[in-house]
Amino acid sequence: MVLDALIPGRDSMSSVDTAWLRMESPTNLMMITGVMIFEEKVAYARLRKVVRERFLRFERFRQRADRDAASGVWKEDPNFDLDAHVQRVALPGKADKLALQDYASDLASTPLDPWKPMWQFNLVENFQGGSAIVIRIHHAYADGIALIQVLMAMTETQEGNSTRGAAGTRQKTSKQAQGGLPLVNYGLKLGATLWQNSLHIVQEPGAAANLVKSGVDLAAELAKLGLLEDDPETSFKGDLGTRKRVAWAEPLPLEEVRTIGKALGCTINDVLLASAAGALHSYLEENGESTDGLVIRAAVPVNLRPLDAPARLGNQFGLVLLDLPIGIHNPLERLYKVHENMQALKASRQPLATYLLLGALGLGPKQLQQAALDMLSQKTSLVMTNVPGPREPLYLAGRRIAQQMFWVPSSGSVGLGVSILSYDGRVQFGLIADQKRVPDPGAIISRFRGEFEKLLLMTLMAPWDRRPDPQEVAADLDRHRALLA
């Protein structure tokens, strides 16, 4: 690996990034997929120019992963062709939301070419009178937080008026830069406030190292994960296929989410996760599955970067396994249980333990990594990701981004992923599902708003001088329904 790093055009891949590269399988492609929607037409030539001048300032995106190397290596693509990575398409038929979801699903189910740098921007030129862009980037390049920062570096806060400086000289992914751009720190600041209400572990530089130095027994933490019982059988668990389906809901007002959280003594994150749990509860019940007492686990990525750290490509996150109280029928009681579970995890050592585990597996044989993934995937039913985006509208290629969403890959035998992204004062729910497990993800995603509105109604019914009792609020609602009837 050291010798590889000395060869021009080659860089050593971190052991964690190597692990993500090796996780690729026909049933779970290791891609982060995103969609941006524009109410106006985006010019292909202008998008191509932005990608060339801003995205490709990261030398890493001109490199492909050398899969023949004994350990992970980034190798410059001598035949790099921008046209192979920035493409234009037209949707068939009505070119509506369903057509765009079908197209994004096709891309989410199709592997990126391993002989080229593994990313693509696909411009949909005829979406509902405007345009859309479907973006695919392999997880080995970076995690969701880093990619949000990269995409923010490509945008402007006003039409034609960038606040991030000129995009001229290319940036090296060298020992000095490692893909960092001073201008993308702005992207991190845009989401910093929301992160204060999200699940993150390391807030100060060196905190992760201090955990190790303080004698934390990470091996014991991993042993506890291994001893967890397997997740219960539901329609979310089982054999996977190669076809993924994506869907997204209409966004929720972020201020309403914040108001509910404040009124009920919970965080924004608690409210969003409880709404997601309610949607899963409702879906299972309508499909004839018993949810009484049901608890399933969600793997939740946890940012391990200091909040003020310079942007950097690569993967710097761990995982915690969150108990989702699917079997609680009362929405308010479900919210409080989510809050309780989240509070317990905020002091957890799981994120650092899983991060170091991935690093160790990336250095070992692929067979060992697969065995560990199989074990962990039996403990979970889904992945849930909450990424803070900018609080103001942004412009890409001179056009305002009206809506955006993303989906992260699952690993092993996990076939369901829930993503939450805030943008421009709204919160976007997205879902990606294996078609064999959830044939129509829209049947779940359509329930998010209803579950959120139940919490909103309970907030209006709740006593303001104390934390409301779930049973008391439910009884009040029943009385009001009886009067209305």
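What you see below is based on every heavy atom in this structure, not just the backbone, and it leaves out hydrogens, waters and symmetry mates. Quick note: residue numbers are just sequence positions, from 1.
If you check the side chains of Asn341 and Asp323, you find no donor sitting under 3.5 Å from an acceptor. Asp292 and His329 form a side-chain donor-acceptor contact under 3.5 Å, judged by distance and modelled atom types alone.
Phe58 and Tyr141 have their aromatic ring centers separated by at least 6.0 angstrom. With ring centers used as reference points, Trp119 lies under 6.0 Å from His85.
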Should Arg60 and Asp11 be marked as a salt bridge (Lys or Arg N to Asp or Glu O under 4.0 Å) after you check the CA-CA gap, both sets of side-chain angles, and the distance that decides it? CA-CA 9 Å; Arg60 177 72 73 241; Asp11 293 309; 3.4 Å; yes
Run the numbers on Ser413 and Ser377 for side-chain hydrogen bond (donor to acceptor under 3.5 Å, both in side chains), then give the verdict. CA-CA 6 Å; Ser413 60; Ser377 62; 3.2 Å; yes
Could you walk me through whether Gln428 and Gln404 pass the side-chain hydrogen bond (donor to acceptor under 3.5 Å, both in side chains) check? CA-CA 8 Å; Gln428 182 73 62; Gln404 55 183 335; over 6 Å; no
Output, in order, the C-alpha distance, side-chain angles, deciding distance and verdict of side-chain hydrogen bond (donor to acceptor under 3.5 Å, both in side chains) for Asp143 and Asn315. CA-CA 5 Å; Asp143 55 36; Asn315 290 276; 6.0 Å; no
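We find that Lys244 and Asp434 are joined by a salt bridge, their nearest charged nitrogen and carboxylate oxygen being less than 4.0 Å apart. Ion pairing between a basic and an acidic side chain is recognised when a charged N comes within 4.0 Å of a carboxylate O; Arg64 and Asp77 show no such pairing. Using a 4.0 Å cut-off between charged side-chain N and carboxylate O, Glu451 and Arg334 make a salt bridge. The residues Lys379 and Glu229 are annotated as not salt-bridged, no charged nitrogen and carboxylate oxygen being separated by less than 4.0 angstrom.
In this structure, the side chain of Ser282 does not engage the main chain of Gly278 through any donor-acceptor pair within 3.5 Å. Side chain of His339 to main chain of Asp270: no donor-acceptor pair is present (N/O by atom type, distance under 3.5 Å, no hydrogens or angles). Under a 3.5 Å cut-off, the side chain of Arg136 and the backbone N or O of Leu107 do form a donor-acceptor pair.
With sequence neighbours excluded, no residue satisfies ring pair (Phe, Tyr, Trp, His ring centres under 6.0 Å) with Phe452.
Considering Trp248, Phe406, Trp407, Phe448 in turn, Phe448 is the only one that fulfils the ring pair (Phe, Tyr, Trp, His ring centres under 6.0 Å) rule with Phe429. Residue Leu324 forms a side chain to side chain contact (heavy atoms under 4.5 Å, CB included) with just one option from His281, Met384, Arg297, and that option is Met384.
Ser381 is listed as a side-chain neighbour of Lys237, based on a closest heavy-atom distance under 4.5 Å. For the pair Phe236/Tyr283, a side-chain contact is recorded, criterion being any heavy-atom separation below 4.5 Å from C-beta on. Two residues are said to be in side-chain contact when any heavy atoms from C-beta on lie closer than 4.5 Å; Leu394 and Met152 meet this criterion.
Within a 6.0 Å radius of NZ in Lys97, other residues, nucleotides and ligands contribute more than 12 heavy atoms.
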